Amino acid sequence: MGDLFVYNTLVGDKVKFEPVSAGNVGIYVCGPTVYSEVHLGNCRTFVSFDVVVRYLRFLGYNVRYVRNITDAGHLENDSDFGEDKISKKAKLEQLEPMEIVQKYTLNFHSVMSQFNTLPPSIEPTATGHIVEQIEMVKSILENGHAYVENGSVYFDVAKYNSDGNNYGHLSRRDIEEMSAGSRDLQGQQEKRNPVDFALWKNASEEHIMKWPSPWGIGFPGWHLECSAMGAKYLGDHFDIHGGGMDLKFPHHECEIAQCVSAHKKNPVNYWMHTNMLTLNGKRMSKSTGNTLLPEDIFSGENAILNKAFSPMVVRFFMLQAHYRSILDFSSEALSASEKGFNKLMQANLLLQKAIYSKATLDKQLETKVVDLINGCYKHMNDDFNTPLTIATLFELVAIINTLNSTNSFGTLSEKVFNSLQNTMNGFIIDVLGLDSVQINNKNDKSEKLIELMLSLRAEAKNNKDYALSDKIRDDLTKIGVVIKDGKDGTTFTLT
RNA sequence: GGUCUCGUGGCCGAGUGGCUAGGCAGUGGUCUGCAAAACCAUCUACAUCGGUUCGAAUCCGAUCGAGACCUCCA
């Protein structure tokens with residue numbers, strides 16, 4: 001099956017994956033800030049890591065998947081006058097902060113489940129780990145890498161680097177240059193150096209979410225939660241930490257610094273970063289308003305796309321691009337994916353229903369099928385290359401359709417036939433997480449009703465009453481039952 | 001301004017120093033009462049200009065263009 005290779009941002013190259021503890025994988029993914037609806041760009045990241053987790057499990061690893069919910073602590077901007085994002089929104093809508101958190105956490109879970117992502121093993125919240133975060137700040141202070149100023153605590157980047165560490169390594173940045181080129185932002189008087197960042201922030205009177213600490217009433221800095229919760233649930237040295245490219249700097253850089261200072265060891269072996277999803281060639285972002293909500297895609301109620309697309313089609317569309325490439329979202333591209341998706345799922349359905357009966361072995365075909373099966377593993381092992389894996393599955397689809405139409409699955413050995421069935425199901429359903437629920441969810445009664453209609457239509461056809469048979473076909477199509485006349489009778493699919 | 005990434009056929013999107021990516025769309029056929037689906041065949045590529053090489057879309061340089069990060073953001 002070969003080794004798994006992962007692109008590690010820390011190294012800047014694909015490297016062989018070797019877990020800290022054989023057979024087990026600890027993975028932490030930076031989750032959403034729940035102060036508004038999750039947008040499609042966020043979803044891409046979580047779908048990408050869903051496939052990573054699924055594939056690791058498919059390979060037999062015992063995976064602990066931790067993905068946080070940020071429900072406090074993100075500053076509006078890097079200044080003393082910054083406000084907690086969640087409390088700002090709360091004032092806007094006249095709600096309790098935790099009400100906002102609850103509302104958008106539910107929204108997030110609902111969208112994630114529609115995208116068929118597996119829930120994380122642990123989904124810790126920032127507000128639930130204030131104690132751990134305070135403890136971590138204490139450790140960093142004790143180790144001399146932070147200073148207190150007016151009830152706030154800042155990380156001392158220069159001191160940290162002078163102790164032999166390398167803040168800036170992950171994002172390949174030169175701190176000296178950064179300090180020199182830094183803009184003169186308001187409210188940075190407390191910091192000794194512009195590149196320093198807050199570990200704990202003193203809270204103003206009107207600030208809603210705040211907690212007591214050794215430095216006064218305040219709230220945790222924006223990068224601290226992930227460091228604290230990652231260490232708590234995965235240990236101070238674990239396998240994979242992931243997130244969007246935009247988190248590489250400063251978020252992940254700060255996380256590393258905090259962990260290294262507090263625990264005196266490199267926290268994570270493999271850093272993985274997913275690329276952005278663009279809309280009209282521009283990055284999707286809440287702050288610029290260039291966003292599209294998942295619900296609006298599913299319902300079709302939006303100004304950008306010309307029709308509705310199901311969550312599975314959107315998921316498939318995302319997986320047709322590599323996670324490290326920028327992906328642009330458009331109606332045309334989605335329509336193409338929709339057709340391809342249906343073709344793939346349909347062929348798999350045929351294959352799983354096919355009955356094997358031995359025939360003369362086609363050695364050449366058998367070799368090709370085995371090569372393609374191995375290709376699926378090869379491509380996934382190469383830094384989770386889902387587009388190539390899908391391309392390989394389509395090559396198998398062509399073979400499956402041919403064998404099906406000539407009723408000749410028996411030209412493969414039974415062993416390879418079984419392996420083909422397992423591979424198609426395994427990669428499509430288990431690894432890529434493409435749910436065929438839309439095709440399979442016909443309940444008994446409606447299925448029988450449809451079959452009744454089909455038999456009436458067959459009768460009409462026998463009587464050469466094509467007006468009636470076409471009416472039945474057209475009307476069924478309208479309600480989402482697509483009819484296909486084959487040699488051995490008529491089949492249907494639900495759309 | 002600094003750092004970095006990318007520029008592939010009608011569209012999306014892989015890949016890579018020499019061997020068909022794949023999907024969608026198009027064209028011609030097979031099948032069908034007609035469709036749809038499926039199958040077979042087939043047409044469009046590697047931003048521009050130089051260089052390295054037996055050979056480059058793939059390596060190097062320049063140019064043009066696009067984007068990301070440098071400020072909360074997946």
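Protein chains get the first letters and strands the later ones, always in sequence-line order, with residue 1 at the start of each. Given the structure is predicted, the values throughout are model-derived calculations rather than measurements.
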| At under 4.0 Å between heavy atoms, what does A:D470 touch on the DNA or RNA strands: base, sugar-phosphate, or nothing? | base
| query | What is the distance, rounded to the nearest whole Å, between atom CD of A:E338 and atom C1' of B:rG23? | reply | 13 Å
| query | Do A:D71 and A:T127 have a side chain donor and acceptor closer than 3.5 Å? | reply | yes
| message | From CG of A:L247 over to P of B:rA74, roughly how many Å is that when rounded to an integer? | response | 6 Å
| Same-atom distance (P) from B:rU48 to B:rG65, integer angstrom | 15 Å
| query | Nearest to the side chain of A:F394 - B:rC34, B:rG23, B:rG67? | reply | B:rG23
| If you look at every strand shown and take non-hydrogen atoms under 4.0 Å, does A:L388 touch a base, only sugar-phosphate, or nothing? | base
| task | With a 3.5 angstrom cut-off on both distances, give the Watson-Crick or G-U wobble partner of B:rG33, or none if there isn't one. | result | none
Might you list the N or O atoms of the protein lying below 3.5 Å from N or O atoms in nucleotides 39-41 of chain B, with each pair's distance?
| unit_1 | atom_1 | unit_2 | atom_2 | d |
| --- | --- | --- | --- | --- |
| B:rC39 | OP1 | A:N401 | ND2 | 3.3 |

| Rounding to a whole Å, what distance do you find between A:E253:CD and B:rC4:P? | 15 Å
| message | Base, sugar-phosphate or nothing for A:G31? Non-hydrogen atoms, less than 4.0 Å. | response | sugar-phosphate
| field | Strand partner of B:rC4, provided both Watson-Crick or wobble distances fall under 3.5 Å | value | B:rG67
| Can you check the A:N342 CG to B:rG22 C1' distance for me, whole Å? | 17 Å
| task | Give A:D474 one of three labels, base, sugar-phosphate or nothing, depending on what nucleic acid heavy atoms sit under 4.0 Å from its own. | result | nothing
| message | For A:F317 and A:F329, I'd like to know if the aromatic rings sit close, meaning centre-to-centre distance below 6.0 Å. | response | yes
| According to a strict under-4.0 Å criterion, is A:S325 in side-chain N/O contact with OP1 or OP2 of B:rA14? | yes
| request: For B:rC59, give its Watson-Crick or G-U wobble partner with both distances under 3.5 Å, or none. | output: B:rG51
| request: Answer with base, sugar-phosphate or nothing: what part of the nucleic acid does A:Y466 contact at a heavy-atom distance below 4.0 Å? | output: base
| query | Atom CG of A:L432 and atom P of B:rG23: how far apart are they, to the nearest Å? | reply | 16 Å
| task | For B:rG55 and B:rG22, measure between their P atoms and round to the nearest Å. | result | 29 Å
| remark: Separation of B:rU5 atom C1' from A:F249 atom CZ, nearest Å, is 18 Å
| note | Checking N1-N3 plus N6-O4 or O6-N4 for Watson-Crick, or N1-O2 and O6-N3 for wobble, each under 3.5 Å, the partner of B:rA41 is B:rU27
| Counting any heavy atom closer than 4.0 Å, what does A:A333 reach on the DNA or RNA strands: base, sugar-phosphate only, or nothing? | sugar-phosphate
| query | Any side-chain heavy-atom pair from A:F427 and A:Y377 closer than 4.5 angstrom? | reply | yes
| Cation-pi between A:R192 and A:Y154: NZ/CZ under 6.0 Å from ring centre and within 45° of the ring axis? | no
| If you measure from the P atom in B:rU5 to the same atom in B:rG61, how many Å do you get, rounded? | 11 Å
| query | Near RNA chain B, under 4.0 Å by heavy atom, which residues of residues 38-46 of chain A? | reply | A:H39, A:G41, A:N42, A:T45
| Rounded distance [0.5 Å steps], CZ in A:R457 versus CZ in A:R473 | 5.5 Å
| P atom, B:rG10 versus B:rA47: distance in rounded Å? | 13 Å
| task | Using the C1' atom as the reference point in each nucleotide, state the distance between B:rC43 and B:rC34 in Å, no decimals. | result | 28 Å
| request: With A:R173 as the cation and A:F249 as the aromatic partner, state whether NZ or CZ is under 6.0 Å from the six-membered ring centre and within 45° of the axis. | output: yes
| said: Can you confirm if the aromatic rings of A:F5 and A:F384 lie within a centre distance of less than 6.0 Å? | reply: no
| field | Whole-Å P distance, B:rG51 and B:rU44 | value | 28 Å
| request: Flag this pair as yes if the NZ/CZ of A:R324 is under 6.0 angstrom from the six-membered ring centre of A:Y7 and inside a 45 degree cone about the axis; otherwise no. | output: yes
| How long is the line joining CG of A:D328 and P of B:rC24, in whole Å? | 20 Å
| query | B:rC12 C1' sits how many Å from A:L344 CG, rounded? | reply | 17 Å
| said: Between B:rC6 and B:rA45, how far apart are the two P atoms, rounded to whole Å? | reply: 24 Å
| request: Could you tell me whether A:Y160 and A:F155 have their ring centroids closer than 6.0 angstrom? | output: yes
| When you check the phosphate oxygens OP1 and OP2 of B:rG33, does a side-chain N or O of A:K461 lie under 4.0 Å from one of them? | no
| said: For a quick check of understanding: with a heavy-atom distance under 4.0 Å over all strands, which category does A:L327 fall into, base, sugar-phosphate or nothing? | reply: sugar-phosphate
| request: Please tell me which of the listed nucleotides, B:rG33, B:rC11, B:rA14, lies nearest to the side chain of A:P387? | output: B:rA14
| Using purine N1 to pyrimidine N3 plus N6-O4 or O6-N4 for Watson-Crick, or N1-O2 and O6-N3 for G-U wobble, each under 3.5 Å, what pairs with B:rG22? | B:rC12
| said: Taking B:rG18 as the reference, what is the distance to B:rG1 when you measure between their P atoms (whole Å, please)? | reply: 38 Å
| For RNA chain B, whose closest nucleotide is more 5', that of A:Y323 or that of A:P32? | A:Y323
| task | Would you please say whether a donor-acceptor pair under 3.5 Å links the side chains of A:E253 and A:H169? | result | no
| field | hbond_proxy A:N385 side chain to B:rG15 base (donor-acceptor, 3.5 Å cutoff) | value | no
| Check: B:rA74 base within 3.5 Å donor-acceptor of A:N275 side chain | no
| Selected nucleotide, minimal atom distance to A:A391 side chain, candidates B:rA74, B:rC70, B:rG22 | B:rG22
| request: Assess the pair A:H252 and A:W271: is the distance between their ring centroids shorter than 6.0 Å? | output: yes
| Validation row, ring centre A:Y270 to ring centre A:H241 under 6.0 Å | no
| request: State whether the distance check finds a donor on one side and an acceptor on the other, under 3.5 Å, for side chain A:R473 versus base B:rA36. | output: no
| message | What's the closest nucleotide to the side chain of A:L277 if the choices are B:rG2, B:rA74, B:rG23? | response | B:rA74
| Between A:D13 and A:N8, does any side-chain donor sit less than 3.5 Å from a side-chain acceptor? | no
